[in-house]
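This report concerns only the one structure given below.
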Amino acid sequence: MGKFVINGGRTLSGKVKIGGAKNSALKLIAASILSDGKITLRNVPGIEDVNIMIEVLKTLGAGVDADPENKIIEINPENINNYEAPYELVRKMRASILVAGPLLSKFGSVKVAIPGGDNIGSRQIDLHLKGFEDMGAKYSIEHGYINCRVNSNKAGARLYGAMVNLDFPSRGATENIMMAGCLADGQTVINNVAREPEIVDLANFLNSMGADVQRAGTDCIVINGVKNLKGTDYEVMPDSIEAGTFITAAGLCGSGVEIENARWRSLETFYFKLKEIGVNISIIDENNIKVDSPQKAYKPINVSTLPYPGFPTDLQPIITVLLSIVPGVSIVTENVFENRFMYVDELNRMGANIKIDGHHAVIKGVGKLSGAPVRSFDVRAGAAMVLAGLTAEGFTEVSDIYHIQRGYEDFEKKLFSLGADIKKMS
Ligand code: EPZ
(Lines give C-alpha, C1' and ligand atoms only; values in the text may rest on other atoms or scores of the structure.)
Protein backbone atom coordinates (compact mmCIF):
# COMPACT_ATOMS: atom_id res chain seq x y z
CA MET A 1 0.00 0.00 0.00
CA GLY A 2 2.78 2.50 0.96
CA LYS A 3 2.66 6.14 2.03
CA PHE A 4 4.52 9.38 1.50
CA VAL A 5 5.84 11.25 4.54
CA ILE A 6 6.33 14.95 3.85
CA ASN A 7 7.94 17.59 6.05
CA GLY A 8 6.38 20.77 4.71
CA GLY A 9 7.60 24.31 4.21
CA ARG A 10 10.61 23.67 1.94
CA THR A 11 11.11 25.99 -1.06
CA LEU A 12 11.14 24.22 -4.41
CA SER A 13 13.61 25.26 -7.12
CA GLY A 14 15.39 23.79 -10.15
CA LYS A 15 14.23 21.88 -13.24
CA VAL A 16 11.70 19.06 -13.60
CA LYS A 17 10.97 17.13 -16.80
CA ILE A 18 7.41 16.09 -17.63
CA GLY A 19 6.88 12.54 -18.91
CA GLY A 20 4.57 11.03 -21.52
CA ALA A 21 0.81 11.53 -21.14
CA LYS A 22 -1.06 8.75 -19.29
CA ASN A 23 -4.34 9.70 -20.98
CA SER A 24 -2.77 9.37 -24.41
CA ALA A 25 -0.39 6.40 -23.93
CA LEU A 26 -3.23 4.12 -22.75
CA LYS A 27 -5.26 4.85 -25.91
CA LEU A 28 -2.28 4.42 -28.27
CA ILE A 29 -1.59 1.00 -26.74
CA ALA A 30 -5.25 0.00 -27.27
CA ALA A 31 -5.25 1.40 -30.83
CA SER A 32 -2.27 -0.83 -31.69
CA ILE A 33 -4.77 -3.70 -31.93
CA LEU A 34 -5.94 -2.18 -35.25
CA SER A 35 -2.54 -2.59 -36.92
CA ASP A 36 -1.26 -5.49 -39.06
CA GLY A 37 2.34 -4.48 -38.31
CA LYS A 38 4.69 -3.87 -35.39
CA ILE A 39 4.26 -0.76 -33.23
CA THR A 40 7.06 1.11 -31.44
CA LEU A 41 5.85 3.61 -28.81
CA ARG A 42 8.32 6.08 -27.28
CA ASN A 43 8.13 8.43 -24.25
CA VAL A 44 5.79 5.93 -22.55
CA PRO A 45 5.28 6.88 -18.86
CA GLY A 46 6.42 4.29 -16.28
CA ILE A 47 3.10 4.14 -14.44
CA GLU A 48 0.85 1.35 -13.16
CA ASP A 49 -1.99 2.04 -15.60
CA VAL A 50 0.35 1.41 -18.54
CA ASN A 51 1.35 -1.93 -17.00
CA ILE A 52 -2.32 -2.89 -16.72
CA MET A 53 -3.06 -1.93 -20.37
CA ILE A 54 -0.07 -4.04 -21.45
CA GLU A 55 -1.59 -6.94 -19.46
CA VAL A 56 -4.88 -6.45 -21.31
CA LEU A 57 -3.12 -6.64 -24.69
CA LYS A 58 -1.17 -9.74 -23.67
CA THR A 59 -4.47 -11.35 -22.60
CA LEU A 60 -5.76 -10.75 -26.14
CA GLY A 61 -2.71 -12.52 -27.58
CA ALA A 62 -0.53 -9.54 -28.56
CA GLY A 63 3.24 -9.64 -28.04
CA VAL A 64 4.50 -6.74 -25.92
CA ASP A 65 8.13 -5.93 -25.05
CA ALA A 66 8.63 -3.11 -22.56
CA ASP A 67 11.92 -1.23 -22.08
CA PRO A 68 11.10 1.03 -19.10
CA GLU A 69 14.67 2.38 -18.94
CA ASN A 70 14.23 3.99 -22.37
CA LYS A 71 10.47 4.47 -22.01
CA ILE A 72 9.85 2.34 -25.13
CA ILE A 73 7.36 -0.44 -25.71
CA GLU A 74 7.11 -2.64 -28.80
CA ILE A 75 3.76 -4.21 -29.64
CA ASN A 76 3.13 -7.05 -32.10
CA PRO A 77 -0.66 -7.46 -32.61
CA GLU A 78 -0.30 -10.21 -35.28
CA ASN A 79 -1.29 -13.09 -32.99
CA ILE A 80 -4.35 -11.53 -31.36
CA ASN A 81 -6.94 -14.34 -31.19
CA ASN A 82 -8.95 -13.57 -28.05
CA TYR A 83 -11.46 -10.71 -28.00
CA GLU A 84 -12.26 -10.63 -24.26
CA ALA A 85 -11.09 -7.98 -21.73
CA PRO A 86 -11.53 -9.73 -18.36
CA TYR A 87 -13.12 -8.30 -15.20
CA GLU A 88 -9.88 -8.78 -13.20
CA LEU A 89 -8.15 -6.15 -15.38
CA VAL A 90 -11.08 -3.88 -16.26
CA ARG A 91 -11.98 -3.39 -12.59
CA LYS A 92 -8.40 -2.20 -11.95
CA MET A 93 -8.52 0.31 -14.81
CA ARG A 94 -11.64 1.62 -16.58
CA ALA A 95 -9.63 2.65 -19.65
CA SER A 96 -9.50 -1.07 -20.57
CA ILE A 97 -12.90 -0.39 -22.19
CA LEU A 98 -10.93 1.30 -25.00
CA VAL A 99 -10.00 -2.05 -26.55
CA ALA A 100 -13.67 -2.41 -27.53
CA GLY A 101 -13.60 -0.08 -30.57
CA PRO A 102 -10.40 -1.56 -32.08
CA LEU A 103 -11.50 -5.21 -31.51
CA LEU A 104 -14.96 -4.55 -32.96
CA SER A 105 -13.50 -2.71 -35.96
CA LYS A 106 -10.84 -5.34 -36.75
CA PHE A 107 -12.42 -8.63 -35.65
CA GLY A 108 -16.14 -7.82 -35.59
CA SER A 109 -16.70 -8.77 -31.95
CA VAL A 110 -15.65 -8.00 -28.38
CA LYS A 111 -16.52 -9.17 -24.88
CA VAL A 112 -15.55 -6.70 -22.16
CA ALA A 113 -16.39 -6.48 -18.48
CA ILE A 114 -18.54 -3.48 -17.56
CA PRO A 115 -16.13 -0.95 -16.01
CA GLY A 116 -18.50 0.33 -13.37
CA GLY A 117 -18.03 3.49 -11.36
CA ASP A 118 -15.16 4.76 -9.18
CA ASN A 119 -14.53 7.40 -6.51
CA ILE A 120 -15.21 10.32 -8.83
CA GLY A 121 -18.45 9.25 -10.46
CA SER A 122 -20.73 6.64 -12.05
CA ARG A 123 -18.66 6.66 -15.25
CA GLN A 124 -21.30 5.56 -17.78
CA ILE A 125 -20.40 4.05 -21.20
CA ASP A 126 -23.82 4.40 -22.85
CA LEU A 127 -22.42 6.84 -25.46
CA HIS A 128 -19.74 4.32 -26.50
CA LEU A 129 -22.36 1.60 -27.03
CA LYS A 130 -24.79 3.89 -28.85
CA GLY A 131 -21.99 4.84 -31.27
CA PHE A 132 -21.21 1.18 -31.95
CA GLU A 133 -24.91 0.52 -32.58
CA ASP A 134 -25.07 3.45 -35.03
CA MET A 135 -22.24 1.70 -36.91
CA GLY A 136 -24.09 -1.60 -37.23
CA ALA A 137 -23.18 -3.46 -34.06
CA LYS A 138 -25.51 -5.01 -31.51
CA TYR A 139 -24.77 -5.79 -27.87
CA SER A 140 -26.14 -7.62 -24.88
CA ILE A 141 -25.20 -7.47 -21.21
CA GLU A 142 -24.85 -10.73 -19.28
CA HIS A 143 -23.07 -11.65 -16.05
CA GLY A 144 -21.35 -8.24 -15.85
CA TYR A 145 -20.03 -8.40 -19.39
CA ILE A 146 -20.89 -6.56 -22.61
CA ASN A 147 -21.02 -8.85 -25.62
CA CYS A 148 -20.87 -6.71 -28.73
CA ARG A 149 -20.56 -7.81 -32.37
CA VAL A 150 -21.23 -6.68 -35.91
CA ASN A 151 -24.93 -7.34 -36.51
CA SER A 152 -24.60 -9.50 -39.63
CA ASN A 153 -24.56 -13.22 -40.46
CA LYS A 154 -22.05 -12.62 -43.25
CA ALA A 155 -18.60 -13.99 -42.26
CA GLY A 156 -16.00 -11.21 -41.88
CA ALA A 157 -18.71 -8.54 -41.93
CA ARG A 158 -17.46 -5.10 -40.80
CA LEU A 159 -18.93 -2.10 -39.08
CA TYR A 160 -20.20 0.52 -41.50
CA GLY A 161 -19.60 4.28 -41.46
CA ALA A 162 -22.35 6.36 -39.86
CA MET A 163 -23.31 9.77 -38.46
CA VAL A 164 -22.84 9.60 -34.68
CA ASN A 165 -24.01 12.43 -32.38
CA LEU A 166 -22.64 12.50 -28.84
CA ASP A 167 -24.95 13.94 -26.14
CA PHE A 168 -21.81 14.95 -24.20
CA PRO A 169 -18.21 15.45 -25.52
CA SER A 170 -17.02 12.31 -23.74
CA ARG A 171 -13.32 11.53 -24.26
CA GLY A 172 -13.71 7.78 -23.98
CA ALA A 173 -16.68 7.64 -26.36
CA THR A 174 -14.90 9.90 -28.89
CA GLU A 175 -11.77 7.71 -28.76
CA ASN A 176 -13.61 4.36 -28.98
CA ILE A 177 -15.84 5.42 -31.89
CA MET A 178 -12.93 7.12 -33.70
CA MET A 179 -10.92 3.86 -33.51
CA ALA A 180 -13.98 1.80 -34.55
CA GLY A 181 -14.36 3.99 -37.65
CA CYS A 182 -10.81 3.30 -38.86
CA LEU A 183 -11.52 -0.12 -40.44
CA ALA A 184 -15.27 0.37 -41.00
CA ASP A 185 -16.83 0.35 -44.47
CA GLY A 186 -17.40 3.97 -45.47
CA GLN A 187 -17.29 7.32 -43.68
CA THR A 188 -18.04 7.96 -40.01
CA VAL A 189 -18.83 11.48 -38.80
CA ILE A 190 -18.87 12.05 -35.03
CA ASN A 191 -20.47 15.29 -33.80
CA ASN A 192 -19.98 17.06 -30.44
CA VAL A 193 -16.73 15.19 -29.78
CA ALA A 194 -14.07 15.74 -27.12
CA ARG A 195 -11.28 18.12 -28.25
CA GLU A 196 -8.49 17.42 -25.75
CA PRO A 197 -4.88 17.42 -27.05
CA GLU A 198 -4.79 13.68 -26.30
CA ILE A 199 -7.60 13.14 -28.85
CA VAL A 200 -5.38 14.82 -31.46
CA ASP A 201 -2.43 12.67 -30.37
CA LEU A 202 -4.53 9.51 -30.90
CA ALA A 203 -5.71 10.72 -34.34
CA ASN A 204 -2.10 11.47 -35.36
CA PHE A 205 -1.07 8.00 -34.19
CA LEU A 206 -3.90 6.36 -36.18
CA ASN A 207 -2.98 8.37 -39.30
CA SER A 208 0.68 7.35 -38.89
CA MET A 209 -0.57 3.75 -39.30
CA GLY A 210 -2.40 4.67 -42.52
CA ALA A 211 -5.82 5.63 -41.15
CA ASP A 212 -7.80 8.59 -42.52
CA VAL A 213 -8.95 10.60 -39.49
CA GLN A 214 -9.66 14.28 -40.09
CA ARG A 215 -10.50 17.33 -37.96
CA ALA A 216 -9.45 15.94 -34.57
CA GLY A 217 -9.29 18.85 -32.12
CA THR A 218 -12.48 20.36 -33.55
CA ASP A 219 -16.03 19.50 -32.41
CA CYS A 220 -16.63 17.16 -35.35
CA ILE A 221 -14.34 14.29 -36.43
CA VAL A 222 -14.54 12.56 -39.84
CA ILE A 223 -13.07 9.07 -40.40
CA ASN A 224 -12.90 7.40 -43.81
CA GLY A 225 -12.57 3.67 -43.23
CA VAL A 226 -9.61 1.85 -44.81
CA LYS A 227 -8.95 -1.88 -45.46
CA ASN A 228 -6.03 -2.25 -43.06
CA LEU A 229 -3.41 -0.42 -41.03
CA LYS A 230 0.36 -0.83 -40.95
CA GLY A 231 2.99 -0.62 -38.20
CA THR A 232 4.41 2.68 -36.94
CA ASP A 233 7.00 4.33 -34.64
CA TYR A 234 5.40 7.06 -32.55
CA GLU A 235 6.24 9.33 -29.59
CA VAL A 236 3.58 9.93 -26.90
CA MET A 237 2.83 13.63 -26.23
CA PRO A 238 3.84 15.16 -22.84
CA ASP A 239 1.42 14.89 -19.90
CA SER A 240 -0.32 18.25 -19.46
CA ILE A 241 -1.95 17.19 -16.17
CA GLU A 242 1.42 16.22 -14.69
CA ALA A 243 2.73 19.60 -15.91
CA GLY A 244 -0.20 21.40 -14.25
CA THR A 245 0.51 19.54 -11.01
CA PHE A 246 4.17 20.63 -10.89
CA ILE A 247 3.32 24.19 -11.93
CA THR A 248 0.88 24.37 -9.00
CA ALA A 249 3.46 22.88 -6.61
CA ALA A 250 5.80 25.67 -7.69
CA GLY A 251 3.01 28.22 -7.25
CA LEU A 252 2.50 26.91 -3.69
CA CYS A 253 6.11 26.87 -2.51
CA GLY A 254 8.45 27.47 -5.40
CA SER A 255 11.02 29.99 -6.43
CA GLY A 256 12.67 29.53 -9.84
CA VAL A 257 11.17 26.23 -10.97
CA GLU A 258 11.43 25.33 -14.67
CA ILE A 259 8.93 22.76 -15.94
CA GLU A 260 10.31 21.13 -19.07
CA ASN A 261 8.03 19.50 -21.68
CA ALA A 262 5.09 21.57 -20.44
CA ARG A 263 3.07 22.75 -23.47
CA TRP A 264 1.21 25.87 -22.26
CA ARG A 265 -1.14 25.64 -25.28
CA SER A 266 -2.49 22.35 -23.89
CA LEU A 267 -3.05 24.12 -20.56
CA GLU A 268 -4.23 27.56 -21.67
CA THR A 269 -7.30 27.93 -19.45
CA PHE A 270 -5.39 26.59 -16.45
CA TYR A 271 -2.43 28.87 -17.25
CA PHE A 272 -4.57 32.01 -17.28
CA LYS A 273 -6.39 30.96 -14.10
CA LEU A 274 -3.04 30.79 -12.29
CA LYS A 275 -2.19 34.20 -13.69
CA GLU A 276 -5.52 35.48 -12.33
CA ILE A 277 -4.59 34.22 -8.83
CA GLY A 278 -1.26 36.05 -9.17
CA VAL A 279 1.10 33.10 -9.63
CA ASN A 280 4.34 34.43 -11.14
CA ILE A 281 4.24 32.06 -14.12
CA SER A 282 5.92 32.72 -17.49
CA ILE A 283 6.31 30.97 -20.83
CA ILE A 284 9.95 30.21 -21.73
CA ASP A 285 8.92 28.72 -25.09
CA GLU A 286 6.32 26.36 -26.63
CA ASN A 287 7.48 23.46 -24.44
CA ASN A 288 8.79 25.05 -21.24
CA ILE A 289 7.25 27.07 -18.42
CA LYS A 290 8.82 28.88 -15.46
CA VAL A 291 7.37 29.72 -12.05
CA ASP A 292 9.06 32.27 -9.80
CA SER A 293 8.23 33.40 -6.31
CA PRO A 294 5.17 35.63 -6.19
CA GLN A 295 5.57 39.40 -6.72
CA LYS A 296 2.16 40.17 -5.19
CA ALA A 297 -0.37 38.63 -2.81
CA TYR A 298 -2.44 35.85 -4.32
CA LYS A 299 -6.12 36.62 -4.76
CA PRO A 300 -9.19 34.34 -4.64
CA ILE A 301 -10.89 33.35 -7.91
CA ASN A 302 -13.72 31.17 -9.23
CA VAL A 303 -13.07 28.10 -11.36
CA SER A 304 -15.52 25.86 -13.30
CA THR A 305 -14.40 22.59 -14.82
CA LEU A 306 -15.52 21.86 -18.39
CA PRO A 307 -14.47 19.67 -21.31
CA TYR A 308 -11.46 21.04 -23.23
CA PRO A 309 -10.74 23.88 -23.92
CA GLY A 310 -12.45 24.52 -20.57
CA PHE A 311 -10.67 24.11 -17.20
CA PRO A 312 -9.56 20.44 -16.87
CA THR A 313 -11.42 18.46 -14.21
CA ASP A 314 -8.18 16.53 -13.54
CA LEU A 315 -6.61 19.73 -12.16
CA GLN A 316 -9.63 20.58 -10.01
CA PRO A 317 -8.29 18.99 -6.77
CA ILE A 318 -4.85 20.48 -7.54
CA ILE A 319 -5.97 24.12 -7.87
CA THR A 320 -8.27 23.71 -4.85
CA VAL A 321 -5.22 23.08 -2.65
CA LEU A 322 -3.70 26.36 -3.85
CA LEU A 323 -6.95 28.29 -3.31
CA SER A 324 -7.33 26.78 0.18
CA ILE A 325 -4.46 28.99 1.41
CA VAL A 326 -5.41 32.15 -0.53
CA PRO A 327 -7.19 34.59 1.83
CA GLY A 328 -10.75 35.41 0.70
CA VAL A 329 -13.53 33.29 -0.83
CA SER A 330 -13.01 31.17 -3.96
CA ILE A 331 -15.62 28.90 -5.58
CA VAL A 332 -14.66 25.77 -7.51
CA THR A 333 -17.46 24.17 -9.57
CA GLU A 334 -17.17 20.60 -10.88
CA ASN A 335 -19.25 20.11 -14.05
CA VAL A 336 -17.78 16.89 -15.50
CA PHE A 337 -17.99 14.34 -12.67
CA GLU A 338 -20.73 14.08 -10.08
CA ASN A 339 -18.55 13.07 -7.12
CA ARG A 340 -15.11 14.67 -7.37
CA PHE A 341 -14.87 16.42 -3.98
CA MET A 342 -14.26 13.39 -1.73
CA TYR A 343 -10.74 14.67 -0.94
CA VAL A 344 -12.10 17.90 0.62
CA ASP A 345 -12.67 16.30 4.03
CA GLU A 346 -8.99 15.28 4.04
CA LEU A 347 -7.97 18.86 3.18
CA ASN A 348 -10.19 20.19 5.98
CA ARG A 349 -8.38 17.75 8.28
CA MET A 350 -5.26 19.80 7.43
CA GLY A 351 -7.00 22.99 8.55
CA ALA A 352 -8.59 24.11 5.28
CA ASN A 353 -12.06 25.71 5.42
CA ILE A 354 -14.03 24.29 2.50
CA LYS A 355 -17.79 23.65 2.36
CA ILE A 356 -19.38 21.51 -0.36
CA ASP A 357 -22.67 22.85 -1.72
CA GLY A 358 -23.91 20.50 -4.48
CA HIS A 359 -21.24 20.59 -7.21
CA HIS A 360 -19.62 23.73 -5.74
CA ALA A 361 -16.74 23.89 -3.27
CA VAL A 362 -16.87 27.16 -1.33
CA ILE A 363 -13.33 27.84 -0.13
CA LYS A 364 -12.49 30.33 2.63
CA GLY A 365 -8.70 30.72 2.35
CA VAL A 366 -6.82 30.03 5.61
CA GLY A 367 -3.35 31.28 4.77
CA LYS A 368 -1.64 28.15 6.15
CA LEU A 369 -2.31 24.39 6.41
CA SER A 370 -0.99 22.06 9.13
CA GLY A 371 0.41 18.58 8.53
CA ALA A 372 -1.84 15.53 9.25
CA PRO A 373 -2.40 11.90 8.18
CA VAL A 374 -4.56 11.91 5.02
CA ARG A 375 -5.72 9.39 2.39
CA SER A 376 -5.53 9.35 -1.41
CA PHE A 377 -8.91 8.65 -3.03
CA ASP A 378 -7.80 8.65 -6.66
CA VAL A 379 -4.87 9.67 -8.88
CA ARG A 380 -5.44 13.46 -8.79
CA ALA A 381 -6.84 13.69 -5.25
CA GLY A 382 -3.76 11.81 -4.05
CA ALA A 383 -1.40 14.21 -5.82
CA ALA A 384 -3.36 17.12 -4.31
CA MET A 385 -2.76 15.71 -0.81
CA VAL A 386 0.98 15.62 -1.51
CA LEU A 387 0.91 19.26 -2.65
CA ALA A 388 -0.96 20.18 0.54
CA GLY A 389 1.75 18.43 2.55
CA LEU A 390 4.51 20.39 0.75
CA THR A 391 3.05 23.72 1.93
CA ALA A 392 1.77 22.61 5.35
CA GLU A 393 3.46 23.17 8.69
CA GLY A 394 4.98 19.98 10.10
CA PHE A 395 4.57 16.40 8.87
CA THR A 396 1.90 15.00 6.55
CA GLU A 397 1.43 11.28 5.86
CA VAL A 398 -0.35 10.50 2.59
CA SER A 399 -1.56 6.89 2.48
CA ASP A 400 -2.91 4.64 -0.34
CA ILE A 401 -0.28 6.09 -2.69
CA TYR A 402 -0.93 3.28 -5.21
CA HIS A 403 -3.56 5.63 -6.58
CA ILE A 404 -0.88 8.26 -7.28
CA GLN A 405 1.48 5.70 -8.82
CA ARG A 406 -1.22 4.79 -11.30
CA GLY A 407 -0.80 8.19 -12.96
CA TYR A 408 2.44 9.88 -11.84
CA GLU A 409 5.89 8.52 -12.72
CA ASP A 410 8.50 8.90 -9.93
CA PHE A 411 6.39 11.62 -8.31
CA GLU A 412 8.29 11.73 -5.03
CA LYS A 413 11.71 11.52 -6.74
CA LYS A 414 10.90 14.49 -8.99
CA LEU A 415 9.66 16.55 -6.00
CA PHE A 416 12.71 15.54 -3.96
CA SER A 417 14.97 16.71 -6.82
CA LEU A 418 13.30 20.13 -6.53
CA GLY A 419 14.13 20.30 -2.80
CA ALA A 420 11.00 18.81 -1.21
CA ASP A 421 11.42 16.80 2.02
CA ILE A 422 9.41 13.76 0.94
CA LYS A 423 10.00 10.05 1.60
CA LYS A 424 8.20 6.92 0.40
CA MET A 425 7.55 4.47 3.25
CA SER A 426 6.14 0.95 2.80
C1 EPZ B 1 -11.07 10.60 -19.33
O2 EPZ B 1 -12.00 9.73 -18.68
C3 EPZ B 1 -9.81 10.60 -18.46
N4 EPZ B 1 -9.33 9.25 -18.31
C5 EPZ B 1 -10.13 11.17 -17.07
O6 EPZ B 1 -8.89 11.29 -16.35
C7 EPZ B 1 -10.69 12.57 -17.22
O8 EPZ B 1 -11.07 13.05 -15.96
C9 EPZ B 1 -11.94 12.51 -18.14
O10 EPZ B 1 -11.59 11.94 -19.41
C11 EPZ B 1 -12.51 13.89 -18.40
O12 EPZ B 1 -11.55 14.75 -18.93
C13 EPZ B 1 -8.58 8.71 -19.29
O14 EPZ B 1 -8.31 9.32 -20.32
C15 EPZ B 1 -8.06 7.32 -19.06
P16 EPZ B 1 -15.44 10.99 -20.27
P17 EPZ B 1 -13.31 9.24 -19.49
O18 EPZ B 1 -15.91 9.85 -21.09
O19 EPZ B 1 -12.94 9.01 -20.92
C20 EPZ B 1 -20.02 10.88 -18.70
C21 EPZ B 1 -7.37 10.97 -14.58
O22 EPZ B 1 -7.33 11.45 -13.43
N23 EPZ B 1 -20.21 9.84 -19.72
O24 EPZ B 1 -15.07 12.24 -20.97
O25 EPZ B 1 -13.91 8.14 -18.74
C26 EPZ B 1 -19.17 10.34 -17.54
O27 EPZ B 1 -19.93 9.65 -16.60
C28 EPZ B 1 -8.73 10.50 -15.16
O29 EPZ B 1 -6.39 10.86 -15.33
C30 EPZ B 1 -21.48 9.33 -19.93
O31 EPZ B 1 -22.44 9.73 -19.26
O32 EPZ B 1 -14.22 10.55 -19.36
C33 EPZ B 1 -18.53 11.60 -17.00
O34 EPZ B 1 -19.38 12.21 -16.07
C35 EPZ B 1 -9.84 10.60 -14.17
N36 EPZ B 1 -21.64 8.35 -20.87
C37 EPZ B 1 -18.38 12.48 -18.23
O38 EPZ B 1 -19.25 11.95 -19.23
C39 EPZ B 1 -20.58 7.85 -21.60
O40 EPZ B 1 -20.76 6.95 -22.43
C41 EPZ B 1 -16.95 12.54 -18.79
O42 EPZ B 1 -16.55 11.27 -19.14
C43 EPZ B 1 -19.30 8.39 -21.38
C44 EPZ B 1 -19.13 9.39 -20.42
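Along the sequence shown, the residues carry numbers beginning at 1.
- At a cut-off of 3.5 Å, with distance as the only test, a side-chain donor of His360 or Thr333 sits close to an acceptor on the other residue.
- One N or O on the side chain of Asn176 and one on the backbone of Gly101 form a donor-acceptor pair closer than 3.5 Å.
- Electrostatic pairing of Lys130 and Asp134 counts as a salt bridge here, judged by a charged N lying under 4.0 Å from a carboxylate O.
- Taking the charged nitrogens against the carboxylate oxygens, Arg171 and Glu198 do have a contact shorter than 4.0 Å, which makes a salt bridge.
- The minimum heavy-atom distance linking Leu183 with Arg158 is given by the pair O-NH1, 2.8 Å.
- Annotation: Glu286, atom CD; neighbour count of heavy atoms from other residues, nucleotides and ligands within 6.0 Å is above 12.
- When all heavy atoms of Ser208 and Lys230 are compared, the pair lying nearest together is O-NZ, 3.0 Å.
- Closest approach of Ala383 and Ile318 over heavy atoms only: CB-CD1, 4.0 Å.
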* Trace of the side chain to side chain contact (heavy atoms under 4.5 Å, CB included) decision for Phe341 with Gln316 -> CA-CA 9 Å; Phe341 286 128; Gln316 178 260 89; 3.5 Å; yes
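- Between the side chains of Glu74 and Asn76, not a single donor N or O lies within less than 3.5 Å of an accepting N or O.
- Ion pairing of Asp233 with Arg42 is present here, as a side-chain N (NZ or NE/NH1/NH2) and a carboxylate O approach within less than 4.0 Å.
- Under the side-chain hydrogen bond (donor to acceptor under 3.5 Å, both in side chains) rule, Tyr408 has a single partner from Arg380, Lys414, Glu48, which is Arg380.
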* Verdict with supporting geometry, Asp201 and Asn204, side-chain hydrogen bond (donor to acceptor under 3.5 Å, both in side chains) -> CA-CA 5 Å; Asp201 206 34; Asn204 292 343; 4.9 Å; no
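- A heavy-atom distance below 4.5 Å is not found between the side chains of Glu397 and Met425.
- Residues Lys58 and Ile54 have side chains in contact (heavy-atom distance under 4.5 Å, counting atoms from C-beta outward).
- Tyr145 OH: more than 12 foreign heavy atoms inside a 6.0 Å radius.
- The neighbour count for Phe416 CZ, taken as heavy atoms of other residues, nucleotides or ligands under 6.0 Å away, does not exceed 12.
- Considering every non-hydrogen atom in both Ile241 and Pro312, the closest pair reads CD1-CB, 4.1 Å.
- Taking the side chain as every heavy atom from C-beta outward, Thr245 and Leu315 approach each other to under 4.5 Å.
- Proximity of Phe4 to Ile404: side-chain heavy atoms (C-beta onward) are separated by under 4.5 Å at one or more points.
- In summary, Arg94 and Asp49 do not engage in a salt bridge, as defined by a charged side-chain N under 4.0 Å from a carboxylate O.
- Between atom CG of residue Leu252 and atom CG of residue Leu12 there is a gap of 8.5 Å, rounded to the nearest 0.5 Å.
- When all heavy atoms are compared, the tightest approach of Ser105 to Ala184 is OG-N, 3.9 Å.
- Inter-residue side-chain proximity for Ile319 and Leu274 is flagged as met; some heavy-atom pair is nearer than 4.5 Å.
- At a threshold of 4.5 Å between non-hydrogen side-chain atoms, the residues Leu166 and Ile190 count as touching.
- Scanning all heavy atoms of the two residues, the minimum distance from Arg215 to Ile221 falls at O-CG1, 3.9 Å.
- Once rounded to the nearest 0.5 Å, the distance linking CG of Asn335 with OG of Ser304 reads 5.5 Å.
- A salt bridge links Arg340 with Asp314: at least one charged nitrogen is closer than 4.0 Å to a carboxylate oxygen.
- Side chains of Asn348 and Asp345: a donor-acceptor N/O pair is absent below 3.5 angstrom, by distance only.
- Side-chain contact between Met385 and Thr396 is absent, with no heavy atoms from C-beta onward closer than 4.5 Å.
- Gln187 and Asn224 form a side-chain donor-acceptor contact under 3.5 Å, judged by distance and modelled atom types alone.
- With His128 contributing its side chain and Ala173 its backbone, the two residues share a donor-acceptor pair below 3.5 Å.
- Within the model, atoms OH of Tyr83 and CZ of Phe107 stand 5.0 Å from one another, a figure rounded to the nearest 0.5 Å.
- A salt bridge is defined here as a Lys NZ or Arg NE, NH1 or NH2 lying under 4.0 Å from an Asp or Glu carboxylate O, and Lys92 with Glu55 fails to meet this definition.
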* Residues Ile141, Ile146; criterion side chain to side chain contact (heavy atoms under 4.5 Å, CB included); working and verdict -> CA-CA 5 Å; Ile141 294 183; Ile146 300 155; 4.2 Å; yes
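- Of the possible polar contacts, one joining the Glu196 side chain to the Tyr308 backbone as a donor-acceptor pair under 3.5 Å is found.
- Counting only heavy atoms from C-beta outward, the side chains of Arg195 and Pro169 never approach each other to under 4.5 Å.
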